[in-house]
Amino acid sequence: MRLLPETSWLQFNRRVLAQTERPDFPLLERMRFLAIWNRNLDEFFAARVAKPFLEGRGGPEHLALLGEAKAQALLAQARYRALLQEAAPRIRVLEPQELDEVDWRYFRVYLAEVVAPKTDLIPWEAASDLSHGALYFASEGYLLRLPQDLPRLLPVPGQEGRYVRLGALMRARSDLFLPEEAPLWELRVLRLLEGERARADWDELAESLEARQEGTPTFLAVEEGFPEDWLRRLREALGLLPEEAVALAPPLNLTLVERLVAEGPETWRFPPLRPSRPRDFLKDPLGYLRRRDLLLYHPCEDYAAVEGFARATLAPEVREVWATLYRIGEENPLAEALLEAARRGKRVHVLLEGRARFDELLNLWWYLRFYRAGVEILPLSERKVHAKALLLLTREGGFAHLGTGNYNPVNGRQYTDFSLFTARPQVVAEVEAFFRAMAAKEDPRLRLLRTGEEIRALLLEKIRAEAHPKGRILLKFNHLTDPLLLEALVQAATKGARVDLVVRSTLTLLHPLFHARSLVGRYLEHARMAAFRAGGDWEVYLTSADAMPRNFQNRFELLFPLLDKGAKKKALRVLKRQLKDRRNAFLLLPSGEERLWGKGPDAQRCKG
């Protein structure tokens, strides 16, 4: 059974939404998944829907995607109400009519002095210009835009656990925002925000962002009961098909539950994770790596080890540093260590990928910080750089970190990823060759490591070598959509090989001979891994790449083998635990998904 990538991805988002029903998850954690689902759906209509929207809008495939998105939105609204009912009486979201006069003394002033001055009154003639993701009200004569910088959920003063929606308050006092009191109806527009992909340098990237306009509307959510003639007028102004609109009970943006999650009772959350710490490594990272490799599995093993390795750039023997940075967030100890190394006179080279979707402005901010500190910022290549590598060079050789995840301190503690630390001369030499090729804007020539199309070539070679009754193939990716790899997997399975796939989000071929599953749980599954029995001596590879054509053709990625026997066994142990998981797993079958939420192994439970 073949699926569109977009169809498979929406199925994944339905699995995310299903986490709100998990009997083994605390209440606030289930609420958190409601917000994650909402952000995912926004991203779908801002980026992932691009191909079916631009190439087949209104056709059966596009309409099927819209139908699934609407069905999920309706289910999410029902889950929101059910979770709030479960949270009562400790947490309640009140309606304005439930507030007493004492409450209204405060909220009347808040609306008049804080909200009204920031609220835009827009004529209906400007309906085509409504911004992506913003919350609006429609009245007969005007449209109102709610201020983006104000919280959507407000605590009721003096009543712990009581909140009220800003939108509901504004509706109750429409006279503060309109020339005269009138009914208000909520609405929200999503737009395609894909920009130009290739940017040759940072100046052009800045110009592109400065000039970027709101994209084409792709989806419209309106409040239940929204007047039909207004809806028709709105759709015509935005150029939307009838199927591209859905009517929902407010709130139209469920990310507001993040406030409830942040401020709710501690007993309604997961207990804090206490990851194991490689103490010998943290005491002396470089000394440790002179003796042996180290493989860590985050977040069960502390991501602070990656930051500790970055601080080793300040060691006297380190003369030169190279790093790839992609989606590193607003605060980043690793990046601060690189800045400090540059200030101390070390040669620091950073390949900062500026075109990470929706993070471009933040990347420009980091670009200026590195530039002012004297860091050499490598030129942007025509292809995005998605590899994860940090290299410390000394007179005698060097030390490398290679990972499957971004150098992001938040994600490093919430995503499952592998980190390999090594001082093996052949690995260090190839990582250095990769960086120097990037600096020269050349294609890297590597043998031990692989990048780009070479990753696909190696995976095809290994899969084809396992195409026999004793063959064994284990693959773990976030996305597996590459047609050549999928066809090779079918051929191997047909010839008797066992093919085990752990694919978190997007799998575009569901074959009866595949043993395919998706894991969705407390941590975001993010590690990418491939293992092959190879006649009994397992070969194990980790990579920054997902198995998608764009990763092989349009990005610089890195795939690297695990050469240390202990590291190889550890990675295999992690993957085999995931193949046995019966707490977070969904079997991906041609006949449909099967949820495994019973008693049994939990691959996301950190031991120790």
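- Defined by atom type and a distance below 3.5 Å, a donor-acceptor pair is present between the side-chain atoms of D417 and H526.
- Atoms CG and CG, on N38 and N253 in that order, are 4.5 Å from each other to the nearest 0.5 Å.
- Under a 4.0 Å N-O distance rule, the pair K70/E243 does not qualify as a salt bridge.
- Residue pairs meeting the side chain to side chain donor-acceptor pair (under 3.5 Å) criterion with at least one partner in residues 71-87, sequence neighbours excluded, are T20-R79, R30-E86, W37-Q72, E68-Q72.
- Among residue pairs with one or both ends in residues 172-183, those qualifying as side chain to side chain donor-acceptor pair (under 3.5 Å) are R173-D175; sequence neighbours excluded.
- A salt bridge does not link D546 with R555: every distance from a Lys NZ or Arg NE/NH1/NH2 to an Asp or Glu carboxylate oxygen is 4.0 Å or more.
- Once rounded to the nearest 0.5 Å, the distance linking CG of L248 with CD of E224 reads 7.0 Å.
- The backbone N or O of L130 sits nowhere less than 3.5 Å from a side-chain atom of R145 that would complete a donor-acceptor pair.
- The side-chain tip of R413 does not point at the ring of Y303 from less than 6.0 angstrom away and within 45° of straight on.
- In terms of heavy-atom proximity, P217 sits nearest to L238 at CG-O, 3.4 Å.
- Using modelled atom types and a 3.5 Å distance limit, the side chains of R522 and N584 yield no donor-acceptor pair.
- The environment of CZ in R2 is sparse: at most 12 heavy-atom neighbours from other residues, nucleotides or ligands sit within 6.0 Å.
- Here the side chain of E29 pairs no donor or acceptor atom with the backbone of P26 at under 3.5 angstrom.
- At a threshold of 4.0 Å, the pair E336-R369 counts as salt-bridged, since one of the basic side-chain nitrogens sits closer than that to a carboxylate oxygen.
- Looking at heavy atoms from C-beta onward, K388 lies in side-chain contact with Y326 at the 4.5 angstrom threshold.
- For S505 (side chain) and F12 (main-chain N/O), no donor-acceptor pair under 3.5 Å exists by modelled atom type.
- Put simply, the side chain of T218 gets close to the backbone of F45: a donor and an acceptor are under 3.5 Å apart.
- The closest donor-acceptor contact from the side chain of H386 to the backbone of S544 lies under 3.5 Å.
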Exercise for the section: Determine, step by step, whether Q11 and L3 satisfy the side chain to side chain contact (heavy atoms under 4.5 Å, CB included) criterion, reporting the C-alpha distance in whole Å, the side-chain angles of both residues, the deciding distance to 0.1 Å, and the verdict. Expected result: CA-CA 10 Å; Q11 290 179 356; L3 300 173; 3.8 Å; yes

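- The main-chain N or O of L234 is never found under 3.5 Å from a side-chain atom of W124 such that the two would form a donor-acceptor pair.
- Side-chain atoms of R327 never come within 3.5 Å of backbone atoms of E353 as a donor-acceptor pair (strictly under, hydrogens ignored).
- Residues L153 and L260 have side chains in contact (heavy-atom distance under 4.5 Å, counting atoms from C-beta outward).
- Of the possible donor and acceptor atoms, none in the side chain of N551 sits under 3.5 Å from a partner among the backbone N and O of A545.
- Here the side chain of N332 pairs a donor or acceptor atom with the backbone of Y407 at under 3.5 angstrom.
- The pair R92-E98 meets the salt-bridge criterion, since a charged nitrogen lies less than 4.0 angstrom from a carboxylate oxygen.
- The side chain to side chain donor-acceptor pair (under 3.5 Å) pairs that include a residue from residues 51-67 are R57-E244, where partners are two or more places apart or lie in different chains.
- F270 pairs by the ring pair (Phe, Tyr, Trp, His ring centres under 6.0 Å) definition with F25, not counting sequence neighbours.
- Sorted by first then second residue, the side chain to side chain donor-acceptor pair (under 3.5 Å) pairs that include residues 108-121, not counting sequence neighbours, are E101-R108, K118-D149.
- Residues meeting the ring pair (Phe, Tyr, Trp, His ring centres under 6.0 Å) test with F107, sequence neighbours left out: none.
- The residues E186 and R165 are annotated as salt-bridged, a charged nitrogen and a carboxylate oxygen being separated by less than 4.0 angstrom.
- Between the side chain of R456 and the main chain of F552, no donor-acceptor pair closer than 3.5 Å is present.
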